[in-house]
Amino acid sequence: MLAALAAAGALLLSACGGETTADSGAGETAAATGEFPTTGSGVVNVYNWTDYIDPEELKRFTAETGIEVILDTYDSNETLLAKLQSGATGYDVIVPSDYMVQQMVDLGLLQNIGVRSFPNGGNIKDNLIDVYWDSGRNYTAPWNYGTTGIACNFVAEPECANIKSWKDYFTAGLPKMDSLKDQVEVVSAALRATGVAGDDLCTTDTAKYIAAEELLAGFKPAVIESDGGIERVTAGTSNIRHAWNGSTHRMTVENPDVQCIYPSEGLNLWADNLAIPVGAPNLDNAKIFINWMMGPQAAGAQSNFSGYDNGIKGSDAFMDDSLKTDPAVVVPADKEALISPLPNCGEEARELYTQVFTTWTTGQ
Amino acid sequence: MTVTTSTPKSGSTQRGNRARPGQSSPKLAYLPIIFLAFAIGIPLLIIVVYSFLEKPSQGTGVKWVFTTENYKALFIQQKLDGTTALDTRYLKVLWTSFTYSLITTTVTLILSVPVAMWIATRDARRRTLLVALVTLPFWISILIRTYGMRQIIADEGPIGKFLGLFNIDWSILYSPPATILGLIYVFLPFMILPIYASAERFDFRLAEAAYDLGAKKLTVVRKIILPAIRPGIISGIALVFIPALGSFLQSDMLGGGKTNMVANVIANNFGQARNWPFGSALAVLLIVLTLLFVLIIQGISQRRGDKVELV
Amino acid sequence: MTITKTPTTKRGKLVNLRNFPGFNPTAWFVLFFLYSPLIYVVIYSFNSSRIGAVWESFSVKWYGRVFENNDIQRALKNSLQVGLVATVLSTILAVMAALGLLRMKRAGKAVAIALIGAPLIIAEIVLAVGTLGLFIAVGVPLGKIGLMVAHTAFCIPFALLPIRARLSQLDMAPFEAASDLGANESQILRRITLPLLAPAIVAGALLAFAISIDDFITSFFVAGPGATTLPVYIFGMIRSTVTPEVNAISTLLLLFSGTVLIGSYLIQRKRR
């Protein structure tokens with residue numbers, strides 16, 4: 001599995017043209033001097049996506065380190081940013097995706113912690129070190145990564161077999177269709193469906209956004225729901241869903257009728273990260289937490305829970321077999337070319353994304 | 001619970017400003033007033049101020065530049081191709097909120113009058129029990145009640161299963177009717193209780209007398225009973241319509257991706273969409289509409305001779 | 001339709017009104033409507049199946065999950081902390097407001113009542129985002145303290161309702177007697193006013209507590225690190241993956257609300 005994923009991971013790099021070399025950062029930026037603490041006391045405030053961390057692992061973390069984890073959750077990168085910018089200063093560890101890391105670094109919201117100098121800093125998979133949002137891994141540690149495609153119940157909805165592309169998905173007009181409440185994912189998929197190439201998703205050509213907006217407007221009447229997900233599809237409340245591949249994997253485990261679809265226009269590869277926001281009250285505990293999560297066993301257990309692959313070397317030894325054989329998680333060789341990184345757009349394109357998404361969510 | 005209506009002659013002592021024994025100095029109220037000015041007054045003021053400011057380039061918060069664009073954006077859409085067009089989206093959202101609240105108020109009213117009358121005519125012991133049964137939902141989280149409704153009306157829920165026996169397709173969750181049903185469910189006790197409070201005070205011998213004198217049943221209802229419970233009805237309308245207009249959870253949990261009420265759009269602008277000034281403009285519009293409704297209710301009840309007191 | 005006239009009962013009520021056509025079935029329908037979703041949630045909290053709508057077998061395992069879940073317990077603790085502080089503060093402020101308002105001048109009273117009534121009239125979402133703006137302006141970090149302030153504010157009108165109602169019914173005789181006997185104002189307040197108001201104060205406090213515990217929107221916007229309250233947590237659960245755990249928590253909360261209500265009802269009945 002890892003060969004295929006490594007290829008996918010490499011795309012993270014190739015798409016942004018290695019700006020820096022591997023040896024930048026780590027050594028000199030490691031602010032932490034002296035011994036790296038492995039145990040502590042008190043708490044660490046973790047702010048993570050909902051349903052994205054194994055509660056059993058958190059208990060194990062507390063047992064091993066003596067640090068209690070206080071978990072709060074959010075539902076999108078944009079919500080996370082909004083919360084941080086509106087004065088929530090008490091979080092110690094947050095989990096932004098790639099493009100959001102770069103925005104946050106630009107806004108001065110993240111601490112430079114020199115992740116590679118951590119005891120487990122050497123565990124980062126090679127192709128995930130010099131990533132565009134954090135070359136040399138100064139601000140962030142890799143967490144899970146995956147793709148965003150379509151989950152479809154091939155038995156309950158025979159039309160699944162005819163859905164080969166984003167365009168098919170957005171225009172199918174089938175009963176029991178779900179969307180995904182994520183601005184970048186929805187708008188970029190609509191752009192791909194209307195003919196924008198995977199490397200041009202940050203275009204500022206408004207005509208392309210108008211086409212995407214029209215496509216989405218036509219899709220709207222078919223959408224039942226965009227929240228929730230896994231249990232909706234496994235229970236048959238919904239049959240088709242725009243979904244992160246880890247969710248698709250968890251659906252397939254519960255209900256083998258549900259399988260993933262790789263849309264022919266291509267799909268996004270995203271990578272989430274652990275980071276420490278400026279003003280974190282428990283800096284040491286936050287570092288201990290991040291370092292602990294970079295251990296192969298913890299990373300493997302996390303993948304088993306979430307259904308995504310992770311950026312830690314050696315973690316596959318701790319991963320379930322079901323993960324290693326699921327085409328939702330292991331990108332099949334013939335699909336690798338479809339994958340390109342989640343767009344990291346400039347302000348102008350971001351504004352266009354927001355406009356398209358707001359128009360879509362507000363329209364009746 | 002918000003609005004208490006009473007007829008002027010309801011017997012409560014009219015209290016003036018004169019000090020009486022046992023009445024504390026008005027200074028006692030200063031601390032709560034100052035606190036509320038801080039925690040309620042200033043937030044409302046902030047929303048009004050935000051609505052006249054620009055959105056900063058990185059989204060969250062406000063940029064301190066005066067503008068009226070947010071209000072224009074409620075009606076005029078700056079399209080992606082640079083043209084402008086009349087934007088009916090937000091008007092529709094407001095219209096949706098208004099009609100949902102109106103339907104909710106009407107249905108709860110139609111259901112509540114018989115229920116309140118029925119309870120009021122039971123014997124004392126059963127009456128206490130029934131009032132407690134209607135009151136209990138007040139104490140139960142609206143979130144949980146809305147969730148319960150969602151479970152009941154889900155495609156695979158009990159109604160769906162039952163209708164499935166007859167091969168009738170049941171699919172209403174994540175649609176406007178589901179939102180309205182949720183609103184009716186959550187706000188029904190808010191209508192029953194004030195009407196019951198009026199009905200309880202009503203002397204049913206009056207109706208009996210009218211009936212004995214030969215009045216038709218419906219005439220008794222129209223001419224004697226309805227006027228007697230009118231204060232309760234007016235309170236009930238205010239208590240249901242006002243919160244329904246600003247409701248968030250029902251459309252979010254039951255309406256699916258398709259129905260937006262105004263509170264959902266405001267929340268989205270302060271969350272994912274990160275356009276605080278525009279969200280504020282919408283909030284100001286909602287405040288204005290609510291106050292307008294309150295004024296209308298007060299006007300009606302005053303003309304009818306009932307005294308409506310807020311709080 | 002012919003209406004047969006039935007004789008009146010001993011209580012002097014009109015019997016035919018009791019049997020008004022349609023009233024009886026409507027009432028039973030409404031009660032059924034009010035309770036069936038709650039009963040459904042309670043029943044399915046004992047369902048062993050992971051998929052909510054399919055009944056498998058009786059099980060209490062979801063309750064086990066709830067009691068094992070640290071996040072739920074923390075959320076419950078937050079809710080109780082915020083709820084208790086908000087209840088105490090809002091009830092004290094409500095008593096002060098109720099007593100002070102009695103002798104306030106017209107203009108001041110109008111402003112005060114507008115402020116007190118605002119949380120009842122203005123949509124909660126508006127106050128929630130406004131409060132967020134306030135905390136940013138003042139520099140209060142998002143978290144529990146802010147939640148307590150916000151909850152106290154919107155609980156005041158609810159705590160005030162029963163207190164004002166009781167005040168308007170009070171018989172003035174004991175006050176005048178006390179005054180004639182030479183008691184000063186603070187003595188009257190301590191010895192007469194507050195004891196007479198006590199049941200209403202308890203009722204107001206309970207109401208405030210219920211409102212605070214139930215609050216979702218304000219808590220959602222104003223909560224910060226470690227301040228997730230139970231409704232915010234449950235909402236997140238419902239939004240992401242609904243597990244039958246939600247049914248179990250809901251049932252526990254129903255039990256709690258029911259106990260509080262019945263308890264307060266029994267206390268009040270004893271007092272009378």
Side-chain angles (χ1 to χ4, degrees), chain B residues 1-2 12 15 17 19 21-24 26 28-29 31-33 35-37 39-44 46-47 50 111 114-115 117-118 121 133 136-137 139-144 147-149 151-152 154 156-157 204-205 207-208 217 242 246 248 263 266-267 270 283 286-287 290 294 310-311, chain C residues 3 8 12-14 17-18 22-23 26-27 30 34 37-38 40-41 53 93 96-97 99-105 112-113 115-118 120-123 125-127 129-131 133-134 149 153 157 168 175-176 179 188-189 192-193 210 214 216-217 231 234-235 238 250 253-254 257 261:
Chain B
M1 223 167 271
T2 23
S12 72
R15 285 162 197 274
N17 302 325
Q23 291 199 346
S24 318
L28 210 53
L31 181 67
I33 291 171
F35 175 74
L36 285 168
I40 301 287
I42 295 179
L44 290 175
I46 284 176
I47 290 302
Y50 275 3
L111 288 175
V115 175
M117 296 288 299
W118 184 76
T121 48
L133 277 177
L136 185 63
W139 300 81
I140 294 166
S141 158
I142 288 184
L143 178 69
I144 287 172
Y147 168 73
M149 184 43 86
Q151 303 301 94
I152 284 278
E156 64 276 11
F204 283 93
R205 274 170 303 190
E208 185 196 9
K217 216 165 193 178
I242 293 172
F248 170 88
I266 296 172
F270 277 83
L286 177 59
I287 297 175
T290 314
V294 171
L310 296 172
V311 184
Chain C
I3 303 156
T8 54
K13 271 183 197 153
L14 197 63
L17 255 178
R18 283 177 63 96
F23 277 21
T26 314
V30 163
L34 280 179
L38 302 176
Y40 183 83
V41 167
L93 289 171
M96 292 169 75
L99 294 173
L101 275 177
L102 286 177
R103 255 175 58 203
M104 218 172 212
K105 296 234 164 55
I113 286 188
L115 275 173
I116 295 167
L120 302 174
I121 310 262
I122 309 286
I125 180 74
V126 177
L127 278 174
V129 295
T131 308
L134 169 73
V149 172
S168 70
F175 296 93
E176 272 150 23
S179 179
I188 294 178
L189 180 69
I192 303 176
T193 316
D214 183 21
F216 167 72
I217 297 178
I234 295 174
F235 182 76
I238 294 173
S250 303
L253 283 180
L254 290 182
S257 308
L261 187 67

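Here is how names work: the chains are called A, B, and so on, in the same order as the sequence lines, proteins then strands, and each is numbered from 1.
Taken from CD1 in C/I238 to CD1 in B/I144, the straight-line distance is 8.0 Å, to the nearest 0.5 Å. Atoms OG1 and CD1, on B/T290 and C/I122 in that order, are 6.0 Å from each other to the nearest 0.5 Å. For the atom pair CG (B/L36) and CD1 (C/I116), the distance works out to 6.0 Å, reported to the nearest 0.5 Å. The CZ atom of C/F235 lies 13.5 Å from the OH atom of B/Y147; values are rounded to the nearest 0.5 Å. Atom OG of B/S141 and atom CD1 of C/I234 lie 6.5 Å apart (nearest 0.5 Å). Rounding to the nearest 0.5 Å places CD1 of B/I40 at 6.5 Å from OG1 of C/T131.
The heavy-atom pair separating C/M96 from B/P32 by the smallest distance is CB-CG, 3.9 Å. Nearest approach of C/G130 to B/P43, heavy atoms of both residues: C-CB, 3.4 Å. The shortest heavy-atom contact between C/V149 and B/F35 is O-CZ, 3.6 Å. In this structure, C/V41 and B/G148 approach most closely via the heavy-atom pair CG2-CA, 3.6 Å. Nearest heavy atom pair, residue C/L120 against residue B/I242, reads O-CG2, 4.1 Å. Nearest approach of C/L99 to B/L28, heavy atoms of both residues: CB-CD2, 3.7 Å.
Looking at C/T26, its side chain never comes within 3.5 Å of a backbone N or O of B/L111 through a donor-acceptor pair. Side-chain atoms of C/D214 come within 3.5 Å of backbone atoms of B/I142 as a donor-acceptor pair (strictly under, hydrogens ignored).
Highest contact tally toward chain C, considering only B/I33, B/I287, B/L136, is held by B/L136 [criterion: heavy-atom pairs under 4.5 Å]. Of all the listed residues (C/A153, C/A123, C/P231), the one sharing the greatest number of non-hydrogen pairs under 4.5 Å with chain B is C/A153. Put simply, of B/A39, B/A29, B/P137, B/P114, the one with the most heavy-atom pairs under 4.5 Å next to chain C is B/P114. Contact tally against chain C (heavy-atom pairs below 4.5 Å) for B/I266, B/L133, B/L31: the top residue is B/L133.
Contact annotation for C/I217: only side-chain heavy atoms (C-beta onward) come within less than 4.5 Å of a heavy atom of chain B. Only the side chain of B/I42 comes within contact range of chain C, with at least one heavy atom under 4.5 Å from a heavy atom of that chain. For B/A154, no part lies near chain C; criterion is any non-hydrogen pair under 4.5 Å. Contact of B/L286 with chain C is made through the side chain alone, with heavy-atom distances under 4.5 Å. Proximity to chain B (any heavy atom under 4.5 Å) is shown, for C/L34, by both the backbone and the side chain.
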Kindly determine whether C/V129 and B/I47 satisfy side-chain contact (heavy atoms from CB on, under 4.5 Å), including the steps that lead there.
CA-CA 8 Å; C/V129 295; B/I47 290 302; 3.6 Å; yes

